[in-house]
Amino acid sequence: MKETREHPSAPIKPLDEEEQEWRDEPHSPVTLPDDIHEDDSLIGRFAYSTDRDTVERYLDLNQRFARWIAVGVGMILGGIIPVIVLDNDLGVAIMMFFIAIGVGLLVKNGMDYQEIEKLEKQTFHLSGELICDLQDDYERYQRTFTRKIVAGVSLIIFGVGLMLILNSLFGEYDANAAVLFPFIAVSVGNFIDAGITSGAYRKLLNIKD
């Protein structure tokens, strides 16, 4: 019967010492392939997560921008009505007044758009929960988007029909065309508001055309 010899085992080092030795050893840096950038990696992608307040502020800025752009364009289109109805210098003066207000709104909102661009340059990194909430909001807004587009097209068709009715009842006068422009102004406002707001959701959710 052979006698088994026990070999003395090496002393177990405390965990903190082993960890310290590992940290002191030189390690080669981890490099990414040429076709992969740090922003594309999981660490680079989720190291910074956009908070809910920033997302809501971005949507609010876009909605306000869309409304005021719609109002500005509506003022410019509405300014054509006095020229058609009055057909004199007073009509031109009123038109210039409306155009001045409309252009002022467009320029003011163009300057305010820089704040939206500043947020977009930060690149949105959304958490899974926030993406789900935004997706639900976007799907709900799509119904509003459809209603605004349908309403805008319907108003234009209604305005053309009303103009043709006036032409058939009272003859073809330039003043009859004035009834068309309020419908066009409201319709274009709907298109602008719906398009910009929907585009903001698509930007946040990274939905491509």
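Numbers here simply count residues along the sequence, with the first being 1. Keep in mind it's a predicted model, so treat the numbers as computed, not measured.
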Between Y201 and Y138, how do the two ring planes meet: parallel, tilted or perpendicular, split at 30° and 60°?
tilted
Not counting sequence neighbours, which residues clear side chain to side chain contact (heavy atoms under 4.5 Å, CB included) with S154? List them please.
V150
Sub-4.5 Å side-chain heavy-atom contact between [X] and [Y]:
X	Y	value
L106	I76	yes
M163	F181	no
N190	I149	no
D112	K108	yes
L59	D137	no
V71	R67	no

Using ring-ring contact (aromatic ring centres under 6.0 Å, His included) as the criterion, list what pairs up with [X], not counting sequence neighbours.
X	result
F145	none
F97	none
F191	none

Run the numbers on R64 and D60 for salt bridge (charged side-chain N to carboxylate O under 4.0 Å, His left out), then give the verdict.
CA-CA 6 Å; R64 282 190 293 170; D60 181 65; 3.3 Å; yes
Write down the atom of [X], the atom of [Y], and the distance for their closest heavy-atom approach.
X	Y	value
K203	Y58	CG-OH, 3.5 Å
G171	N176	O-ND2, 2.9 Å
N62	I196	O-CG2, 3.7 Å
F183	L155	CB-O, 3.4 Å
I192	A66	CG2-O, 4.0 Å
L119	T54	CD2-CG2, 4.1 Å

Rounded distance (nearest 0.5 Å) linking atom [atom1] of [X] with atom [atom2] of [Y]:
X	Y	atom1	atom2	value
I157	L162	CD1	CG	14.0 Å
Y113	L61	OH	CG	10.5 Å
R52	L126	CZ	CG	10.0 Å
N88	L90	CG	CG	5.5 Å
T144	K148	OG1	NZ	7.0 Å
L204	Q135	CG	CD	11.5 Å

Please report the C-alpha distance between E129 and D133 in whole Å, then the side-chain angles of each, then the deciding distance to 0.1 Å, and finally whether the side chain to side chain contact (heavy atoms under 4.5 Å, CB included) criterion is met.
CA-CA 6 Å; E129 180 183 0; D133 292 342; 4.1 Å; yes
Quick one: does any side-chain atom of N109 pair with a main-chain N or O of L105 as donor and acceptor, under 3.5 Å?
yes
Do the side chain of S198 and the main chain of G195 share a donor and acceptor less than 3.5 angstrom apart?
no
For the pair R140 and D136, find out whether any cationic side-chain nitrogen is under 4.0 Å from an anionic carboxylate oxygen.
no
For D87, enumerate each residue passing the salt bridge (Lys or Arg N to Asp or Glu O under 4.0 Å) test, keeping only those at least two apart in sequence or located in another chain.
none
Would you please name every residue forming a salt bridge (Lys or Arg N to Asp or Glu O under 4.0 Å) with R143, sequence neighbours left out?
none
